[in-house]
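Below is one structure; the comments refer to it alone.
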Number of protein chains: 2
Amino acid sequence: MTREQEGNLPDTAAEVLREFARMSGEGVDTANCPVRDVLDRVGEKWTLLILVAMSDEPRRFSALQREVGDISKRMLTQTLRTLERDGLVTRTVYPTKPPSVDYRLTGLGRSVLTPLAGLIGWAGQKHDEIRAAREAYDEREGVAA
Amino acid sequence: MTREQEGNLPDTAAEVLREFARMSGEGVDTANCPVRDVLDRVGEKWTLLILVAMSDEPRRFSALQREVGDISKRMLTQTLRTLERDGLVTRTVYPTKPPSVDYRLTGLGRSVLTPLAGLIGWAGQKHDEIRAAREAYDEREGVAA
DNA sequence: GTTGGTGGTATCGAAAAGAGACCATACCTC
DNA sequence: GAGGTATGGTCTCTTTTCGATACCACCAAC
């Protein structure tokens with residue numbers, strides 16, 4: 001049974017997972033597991049939204065804030081700094097009268113869009129199923145009395 | 001320039017991103033954007049680790065805790081409940097003398113492993129580049145005096 | 001009888017996120 | 001020249017979340 005289920009995965013995916021599980025299993029902590037380190041960053045709530053917002057062309061600070069919608073300046077600044085530090089985006093300041101700043105993806109930043117799109121596609125395909133599961137669970141476990 | 005950079009992405013990826021950006025741009029808030037909703041869950045720090053830990057075969061509570069390593073029982077319980085509610089894992093209780101519980105992926109849960117593996121693969125490939133970027137940034141911006 | 005393992009929950013302090021005020025600048029309007 | 005707008009942030013305060021730990025009931029082995 002389990003074997004067949006595993007068989008659903010593309011070979012490359014299964015291999016990546018095995019490799020990753022092997023590394024994780026060897027008592028490697030977060031500091032020593034670069035994959036976890038990187039994934040924690042990418043998974044940080046706003047990162048994905050910001051990367052996607054910049055995906056087609058450079059954006060200014062305020063444009064990003066408008067586009068993402070419900071992010072605070074504080075978190076936007078913080079996330080952008082992290083992305084810049086990790087080499088995924090570059091920040092450019094133009095010394096105009098009110099200084100303007102734009103953020104754009106680097107090659108590294110662009111390269112993450114492909115796996116990200118895979119995840120976004122999955123979410124888009126499955127969200128109905130997930131919402132149905134949630135409703136069923138809430139009914140079973142009883143939100144109500 | 002920008003066109004060429006976009007050209008690096010596979011067509012399907014670019015399409016998914018455009019579609020997502022379009023949705024996000026239309027003043028849709030989190031509640032109305034199921035993709036964001038789903039991605040927030042999957043991105044939740046421990047989710048990915050737990051899913052991968054279960055990827056090959058069912059795991060018991062304590063096995064998961066050992067395998068993930070530095071997760072607390074509290075967070076493990078919480079994350080597992082969420083995954084169960086979202087229909088990604090099932091929880092089975094065996095009424096043995098000390099009751100044992102196992103968690104296993106559903107079909108839906110297994111289906112997310114493929115995009116997840118894409119991201120993990122990316123992280124594995126790029127972490128050297130990212131760490132180099134961080135060091136360069138810290139030197140530029142000066143952690144030291 | 002005390003220790004260990006099962007799968008958790010309850011509690012509490014620390015860390016992180018969100019909301020919003022504030023800032024320096026300079027432009028435009030009246 | 002007072003007021004409003006916009007730029008890209010920072011600073012502070014409050015709320016939420018997280019992590020560590022203690023504890024529970026159960027039973028088995030020692």
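Treat the numbers as computed from the prediction; the structure is a model and nothing was measured. Numbers restart at 1 for each chain; the letters A, B, ... are given by sequence-line order, proteins then strands.
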Pairs under 3.5 Å (N/O, protein and nucleotides 1-3 of chain D):
none

Validation row: A/Arg104, A/Met54 side chains within 4.5 angstrom (heavy atoms): no

Carboxylate-amine/guanidinium proximity below 4.0 Å for B/Arg41 and B/Asp86: yes

Ion pair check, A/Arg134 and B/Asp37, cut-off under 4.0 Å: yes

Residues in salt bridge (charged side-chain N to carboxylate O under 4.0 Å, His left out) contact with A/Arg81, at least two apart in sequence or another chain: none

Atom pair CG (B/Leu80) and CZ (B/Phe61), whose distance is rounded to the nearest 0.5 Å: 6.5 Å

Span of DNA chain C, from the first to the last nucleotide whose atoms fall under 4.0 Å of chain B heavy atoms: C/dG5 to C/dT11

Phosphate OP1/OP2 of D/dT7 contacted by A/Ser100 side-chain N/O (<4.0 Å): no

Nearest-0.5 Å distance that lies between atom CG in A/Asp56 and atom CG in B/Leu9: 11.0 Å

Base versus backbone protein contacts along nucleotides 9-30 of chain D [heavy-atom cut-off under 4.0 Å; B, S, -]: BB-B-----BBB----------

From B/Thr82, B/Thr79, B/Leu76, residue fulfilling side chain to side chain contact (heavy atoms under 4.5 Å, CB included) relative to B/Trp46: B/Thr79

Partners passing salt bridge (charged side-chain N to carboxylate O under 4.0 Å, His left out) against B/Glu19 (at least two apart in sequence or in another chain): B/Arg22

List the atom pairs, with distances to 0.1 Å, where a side-chain N or O of residues 119-127 of chain B and a protein N or O form a donor-acceptor pair under 3.5 Å, not counting sequence neighbours.
from	atom 1	to	atom 2	distance (Å)
B/Trp122	NE1	A/Ser111	OG	2.9
B/His127	ND1	B/Gly124	O	3.1

Under-4.0 Å salt bridge between B/Arg140 and B/Asp138: no

